[in-house]
Amino acid sequence: MPLEVVVLAAGQGKRMRSALPKVLHPLGGRPLLAHVLDAARALGARRTIVVHGHGAEAVRAAFAQAEVQWVLQAEQLGTGHAMQQALPQLSSDAQVLILYGDVPLVRVATLKRLLEAAGSGVAVLTTELDDPSGYGRIVRNSAGRVQRIVEEKDATAEERAIGEINGGIMALDARRLGSWLAKLGNRNAQKEYYLTDVVTFAIADGVPVNALKVADALEVAGVNSKGELALLERELQRREAERLLDEGVSLADPARIDVRGTLECATDVAIDVNCVFEGQVRLGAGVRVGPNCLLRNVTVGAATEVLAFSHLENSEIGARCRIGPFARLRPGVSLGDEVHIGNFVELKASRLARGSKANHLSYIGDTEVGQRVNVGAGTITCNYDGAAKHRTIIEDDCFIGSDTTLVAPVRVARGSYIGAGSTISKDTPEGQLTLARSRQVSIAGWTPPKKKS
Ligand code: UD1
Ligand code: CA
C-alpha cells in the first residue's frame, strides 16, 4: 500500500510564550516541523499533507521549498477535526500515517514498525509513563487488547491510574478513515473532535487496533513549553554525539557538543568541548578542533588544526592548516594547504594560497594572496572607501611588514617586501623593498612643554 502522511500542526502552542508558531521553534538548528517532514521523506511517503492554522503564513513561508500539501484548519476544534480537513486530500488506496508537527524525535525505524503493526487495520504508538498526567490513556480489555483511548479530562479515576499513554502517532487504512471521521462528535469534556475516538469505531467495526509500545518515551514526547524544547534539544544532541562516537570521532565530552545541521567527519577527527557546528560542516581525516569553536558551513581539509575560540563561517580550509586560536573567518574565505591564520586575524571574501601566513592581529578583506606570503602583525587591507569595496592582490612570496595598511585597489607584485608601518596605496614592483612612511627624525635640544603654575 502506498503511504500518505498527515502532519497535524495547527495548534498554537500557547505555553511556548512566543510570537513564533510552535512548529517553527528550532531543534538542532532546524524547525520542529522540519524533523517531522524528514521522517515522512525517509519513509518514502507518496504524499505529505500538513494541517496548519496558527501562524499559517509564517509556517508556509518557512517551508516554501518543501514538497507538501497545505491544508488550512482555520479554527482548531481538535485532532479529529484536523484530520477531517485533510481527508479530501487523501487517496482511498493509501495507508495513512498521522504525525504531530511538535513530536520531532520519533525514529524512522519505529514508524516502520508501526506501519507493519497496522497492516490493513489501525495501530497507535504508546509508551508507559511514571507520570501519565495530561495524556490520553490506553484502555485494554482483560485479554490485553486495546479497546479505546480516553482523554485525561474524560477519564475515570481508575482510567487515570493507567500508565500507558497515547503518543498521538497513528497508522490506519484510508478506506475506512472517512466513515470513522464522519462519525466523530464533540460531546466530551473539552468539546473537541477527538481523533482518538476512531479507535472505538474501529473496534466496533471489527477492525483490529494494535498498540506499539516504545520503551523510549522521548520518541513520543511533544513540545509544549520551552522547558520541553530544551529537554528534546539535549536528547537530539545526545543522539548526535552517540552517532559521532560510533563513527570513530573522538569527543572530549559527548555532553558538550552541539550540532545544528549536519556534521560529516572522516577518520580520526578529534573535537574538544563546547564546539558548535551549524549548517553543513565537513571535517577531513585527522582534523582537530579545539575548545569553544563555532563552525558554520565550512569544509576543513585533512590534518588541519582549528585552535580554541575560532569562529569560522562559509569558508573552505585546505589540508594541514593551523587556524586560531581566536581566528575569525567570515563568509567567502578559501585557504590552500598549510596556511596559518593566527590570533585576532579576521578574513573576509579572501583567498590565501598554499603556505601563506597571517599570524597576528590583521584584517584581510576582498584579497587575493599568493603562495608563501608572510602577512606581518597588524596588517590591514583598507578595502572600503566609504562607498565601494575594492580588491587587494598580494602575489607569491611577498613579505608584508608589520602594521602595513594596503589601500585597495592595489597590487603587491611577486616577491615584494613592504617595510613595517607602510601605507601602500600604489602598486609595488616585483622583488623590491617598498617603504611608504615618513622618515624618523629626532630634534636636538627639544624640551617638553611646562605646565603653568
Ligand atoms: C493528543 C491526544 C492524546 C495524546 C496526546 C499526545 C487527542 C484527542 N488526544 O492530546 O490522546 O495523549 O495528543 O501528545 O487526539 N492539532 C491540530 N488541530 C487541532 C488540535 C490539535 O492540528 O485542532 C495538532 C497540534 O498542533 C499538535 C497535535 O495536533 O501537533 C496534538 O494536539 P494537542 O492539543 O497537543 O493534543 P492533546 O489534546 O494534548
Ligand atoms: Ca500536546
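Ligands are counted one by one from 1 in listed order, and the atoms in each one are counted from 1 as well. The figures here come from the full heavy-atom set of this structure, side chains too, leaving out hydrogens, waters and symmetry mates.
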Are a donor atom and an acceptor atom from the side chains of [X] and [Y] found within less than 3.5 Å of each other?
X	Y	answer
S91	R46	yes
E316	S334	no
Q73	H52	no
E192	H81	no
Y194	D154	yes
Q147	R140	no

Check: Quick one: which of D258, V281, V269 gives a side-chain contact (heavy atoms from CB on, under 4.5 Å) with L263?
Finding: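 Filter result, single survivor: V281.
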
### Query
Which part of I165 is near ligand 1, with near meaning a heavy atom under 4.0 Å away: side chain, backbone, both or neither?
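I165 to ligand 1: no contact under 4.0 Å from either part.
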
Self-check item: Within reach of ligand 1, part of A10 (heavy-atom separation under 4.0 Å)
Solution: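 The answer is both.
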
Please determine whether salt bridge (Lys or Arg N to Asp or Glu O under 4.0 Å) holds for the pair R256 and D272, giving the CA-CA distance in whole Å, both sets of side-chain angles, and the decisive distance to 0.1 Å. CA-CA 9 Å; R256 282 184 289 167; D272 212 323; over 6 Å; no

Can you confirm, on distance only, whether ligand 1 has an N/O atom lying under 3.5 Å from any N/O atom belonging to [X]?
X	value
N224	no
D102	yes
Y194	no
L195	no
E192	no
G11	yes

Report task. With side-chain contact (heavy atoms from CB on, under 4.5 Å) as the test, would you mind laying out the steps for L90 and V96 before giving the verdict? Result -> CA-CA 8 Å; L90 293 166; V96 179; 4.1 Å; yes

Whether D197 and R187 form a salt bridge (side-chain N of Lys/Arg under 4.0 Å from carboxylate O of Asp/Glu) is what I want to check.
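D197 and R187: not salt-bridged.
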
Tell me which one of [options] gets a heavy atom nearest to [atom].
atom	options	answer
atom 29 (O) of ligand 1	V6, L8, V199	L8
atom 9 (N) of ligand 1	E75, E151, E152, M170	E151
atom 18 (N) of ligand 1	Q73, Q76, Q12	Q73

| message | Taking a cutoff of less than 4.0 Å between a non-hydrogen atom of the residue and any ligand atom, is G78 in contact with ligand 1? | response |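 Contact present.
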
Any atoms of ligand 1 less than 4.0 Å from a non-hydrogen atom of [X]? List them with their elements.
X	answer
N166	2 (C), 3 (C), 4 (C), 5 (C), 6 (C), 11 (O), 12 (O)
G136	3 (C), 4 (C), 11 (O), 12 (O)
G167	6 (C)

